[in-house]
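Structure first, then comments.
Throughout, protein chains are lettered first and strands after them, A, B, ... in sequence-line order, and every chain is numbered starting at 1.
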Number of protein chains: 2
Amino acid sequence: MNLKQLSQLLGLSQTTVSRALNGYPEVNAETRRRVLEAVRETGYRPNRAAQRLATGRAGSIGLVMPTADGIYSDVHFGEFLAGLGDEAVKHDFHFVINPSHPDDEAATCRKLVASGNVDAIFLAYMREKDPRIPMLKSLKTPFVVHGRTIGVPTDYPFLDIDNTGAFYDAARLLAQLGHRHFALINGPDHLAFAMRRKKGAKRALAEHGLTLPEECIYHARMTDEQGFQAMERFLRLDTPPTAILCSSTVLALGAVRAINQAGLKLGQDISLIAHDDVLPMLRPENFSVPLTTTRSSLRAAGQRIAQRLIAGILNLEVLPQQELWKTDLIVRASTGPAPAGKPA
Amino acid sequence: MNLKQLSQLLGLSQTTVSRALNGYPEVNAETRRRVLEAVRETGYRPNRAAQRLATGRAGSIGLVMPTADGIYSDVHFGEFLAGLGDEAVKHDFHFVINPSHPDDEAATCRKLVASGNVDAIFLAYMREKDPRIPMLKSLKTPFVVHGRTIGVPTDYPFLDIDNTGAFYDAARLLAQLGHRHFALINGPDHLAFAMRRKKGAKRALAEHGLTLPEECIYHARMTDEQGFQAMERFLRLDTPPTAILCSSTVLALGAVRAINQAGLKLGQDISLIAHDDVLPMLRPENFSVPLTTTRSSLRAAGQRIAQRLIAGILNLEVLPQQELWKTDLIVRASTGPAPAGKPA
DNA sequence: GGCCAAATTCAAAGCGCTTTGGATTTTCTT
DNA sequence: AAGAAAATCCAAAGCGCTTTGAATTTGGCC
């Protein structure tokens with residue numbers, strides 16, 4: 001069943017049927033009703049390829065998935081993708097997922113746009129002065145950034161969470177609990193979100209006359225094993241930190257393991273706050289000692305970005321171009337007052 | 001730059017250029033060379049939408065992603081997807097990722113096919129007598145199954161790993177090490193791979209005169225927390241198992257945590273073998289006690305399936321329609337001889 | 001040189017949809 | 001009730017590619 005057949009069935013022209021379907025105003029209400037009904041009865045579905053050809057829209061959004069042989073596939077990415085998918089499927093949009101070595105993202109992204117296969121680009125894993133921003137601005141392809149760059153004007157569409165604020169809040173809470181020795185297990189140091197989190201933590205500490213020494217900062221991919229190694233290293237320091245900030249519950253997983261292994265009690269000997277992306281497979285309340293977290297749903301972010309991307313392509317309502325989401329600080333058992341007099 | 005312009009530039013007809021590009025035999029070698037060169041110089045790229053419309057091929061493969069609000073987004077799925085993507089991008093193929101509640105997969109799958117947006121379907125999370133198999137066979141859409149059903153003839157294209165064999169091997173090794181009390185932390189009980197793994201384990205045990213009692217079998221989503229809960233439950237039994245089989249390193253993560261928390265030593269008091277999908281974020285050799293595993297790369301499976309799917313669509317070489325991959329048993333430190341005389 | 005087959009090349013007809021530029025009909029004005 | 005403005009609807013022209021059916025060249029052979 002195609003448009004032609006459908007229009008013949010209705011005794012209308014293809015033009016009118018097409019317009020009725022696409023919500024154009026110049027079609028009689030009654031006519032539109034008939035068309036819609038016929039669609040329901042016949043199960044007609046427009047051919048997407050023909051639509052794409054006729055409109056010049058690809059009907060798909062492109063994303064670069066940082067992954068390569070031997071390189072991690074990020075859990076966080078999967079969760080975000082689920083959100084994107086939720087929304088995209090509602091509008092019959094496709095994805096073009098272009099795997100790329102993390103270091104080639106800019107080039108891959110350019111190729112993806114040049115392929116003409118996508119009419120919008122989703123950008124993530126932002127770096128300082130990320131070259132992809134000026135590149136995409138110079139092209140006409142719409143895009144939305146998940147996160148923000150650092151060091152360049154943020155005059156582009158983005159959705160980010162308040163990373164600085166989140167880690168400021170977390171660090172302040174721990175400082176108020178009397179902790180004096182902090183450590184941060186963070187994401188890769190070239191990524192903007194990690195920089196902001198560090199900044200937020202440092203700011204809160206500074207307000208309490210505290211610092212975050214270099215040896216108490218660990219940057220790495222956000223995996224369990226990295227969390228473990230980071231924590232092990234911290235515990236070997238002369239004055240091990242009693243307050244840990246952690247950029248992901250995945251990192252926290254490893255960190256907690258190291259803490260247990262060292263025979264320390266989480267929430268007593270040592271406190272930890274992790275950022276929680278609301279990964280359904282790893283819930284902070286299910287840790288052996290439930291984790292205090294700063295929370296913001298990655299999946300919700302994915303949904304929202306898809307919404308904006310698609311609205312932009314289809315010229316639907318105009319959505320805000322820049323959004324900064326606050327995070328929730330949720331206190332559970334992994335945070336407690338600083339242990340008393342430290343054994344010098 | 002489109003075909004028309006390109007052909008004018010070359011003083012050829014669109015027909016000839018198109019044929020030259022698509023490898024048809026009836027075009028002069030010299031002409032083809034000229035065409036290819038012009039393509040290189042002009043950077044011409046065929047419009048995919050037009051190709052799709054003309055050929056009737058969608059140029060994309062569809063997959064149903066089991067995920068819904070509150071439902072897990074499976075790490076394993078992400079890793080597999082990375083493999084699919086690796087391969088798909090080489091052939092300029094898209095994905096249509098259709099999120100679906102796990103219980104609606106069949107319906108979602110049917111809709112996906114009916115949408116005409118995909119020219120092949122990838123199927124996973126097979127169940128016993130899975131209804132999607134007959135459904136897809138009745139439609140003409142090509143598909144490849146990751147895994148196999150149970151209870152119906154396997155006369156469809158699939159790629160599976162030898163789950164039975166993997167868990168047979170693992171269980172046998174532990175039995176040979178003198179273990180007498182086994183437990184299995186498995187995937188969801190309605191999924192075929194989990195059934196096969198259980199069967200493999202039971203078979204090996206039977207050969208040693210051993211059994212796997214019901215209370216020593218735990219079926220659940222493969223998350224860290226489930227692994228933890230399973231292990232905790234096992235440790236509370238009157239005669240706790242000393243040999244654990246685990247369907248994923250993610251489950252093992254939680255299980256190991258529970259073991260440590262109980263003050264037991266992995267590889268001494270208790271032995272554990274996990275199936276390793278080669279998730280880059282969770283490597284068995286990096287566990288505090290490196291894990292003995294049965295190994296098979298999920299990403300490689302993704303690549304291979306994409307290869308077969310695409311070859312099928314494009315009528316390239318004929319690839320085998322059924323593949324069963326053996327797994328590697330890799331012994332590390334988490335397995336050791338059964339502890340001596342158990343304290344009764 | 002003439003004739004047939006093989007090798008090349010081409011013109012044109014779609015694929016199924018959107019959209020432009022008019023027609024045609026209906027509804028207001030005055 | 002006539003003329004103008006709205007409201008509806010339509011025919012036809014693409015969008016850029018593939019593919020059919022035919023035309024044109026070239027090559028081989030007697």
B:N22 side chain near D:dT18 phosphate (N/O to OP1/OP2, under 4.0 Å): yes
Evaluation steps, salt bridge (Lys or Arg N to Asp or Glu O under 4.0 Å), between B:R40 and B:E37: CA-CA 5 Å; B:R40 205 169 316 116; B:E37 187 177 319; 5.4 Å; no
side-chain N/O B:Y24 vs D:dT20 OP1/OP2, d < 4.0 Å: no
Side-chain H-bond candidate by donor/acceptor type, A:S18 with A:T15, under 3.5 Å: no
Atom-to-atom span, NZ of A:K4 to P of D:dA12 - whole angstrom: 12 Å
Side-chain donor/acceptor of A:T31 to base of D:dT8, under 3.5 Å: no
Touch class at under 4.0 angstrom, heavy-atom based, for B:R19 against every strand present: base
Length of the CE-P vector between A:M1 and C:dC17, whole Å: 10 Å
Phosphate contact (D:dG16 OP1 or OP2) by B:N2 side-chain N/O below 4.0 Å: yes
Phosphate OP1/OP2 of D:dT18: any B:T55 side-chain N/O under 4.0 Å: no
Gap between atoms CD and P, on B:E30 and D:dT26 respectively (whole Å): 14 Å
Pair A:E323 + A:R308, salt bridge at N-O below 4.0 Å: yes
Distance below 4.0 Å between B:T15 side-chain N/O and C:dC10 OP1 or OP2: no
5' precedence on DNA chain C between B:N28 and A:Y44 (nearest-nucleotide basis): B:N28
Comparing B:A54 and B:P25 on DNA chain C - which has the more 5′ nearest nucleotide: B:P25
Atom-pair distance (CG on B:L10; C1' on C:dT8), nearest Å: 15 Å
Between P of D:dG16 and CD of B:Q8, the distance in whole Å: 13 Å
Selection from C:dC17, D:dC9, D:dC17 that lies nearest to any side-chain heavy atom of A:V27: D:dC9
N/O (side chain, B:Q51) to phosphate O (OP1/OP2, D:dT18) under 4.0 Å: yes
Which nucleotide in C:dG16, D:dG16, D:dT18 has an atom nearest any side-chain atom of B:L3: D:dT18
5'-most by nearest nucleotide on DNA chain D - A:T16 or B:T16: A:T16
Between C1' of D:dC15 and CZ of B:R48, the distance in whole Å: 17 Å
Touch class at under 4.0 angstrom, heavy-atom based, for A:E26 against every strand present: base
Nucleotide C:dT20, atom C1' - distance to CD of A:Q14 in whole Å: 15 Å
Length of the line joining B:L21:CG and D:dG16:P, which is rounded to integer Å: 16 Å
Any B:S18 side-chain N or O less than 4.0 Å from OP1/OP2 of D:dC17: no
Ring centroid separation B:F143 to B:F158 under 6.0 Å: no
Centroid separation B:H94 to A:F95 less than 6.0 Å: no
Pair B:D119 + B:R57, salt bridge at N-O below 4.0 Å: no
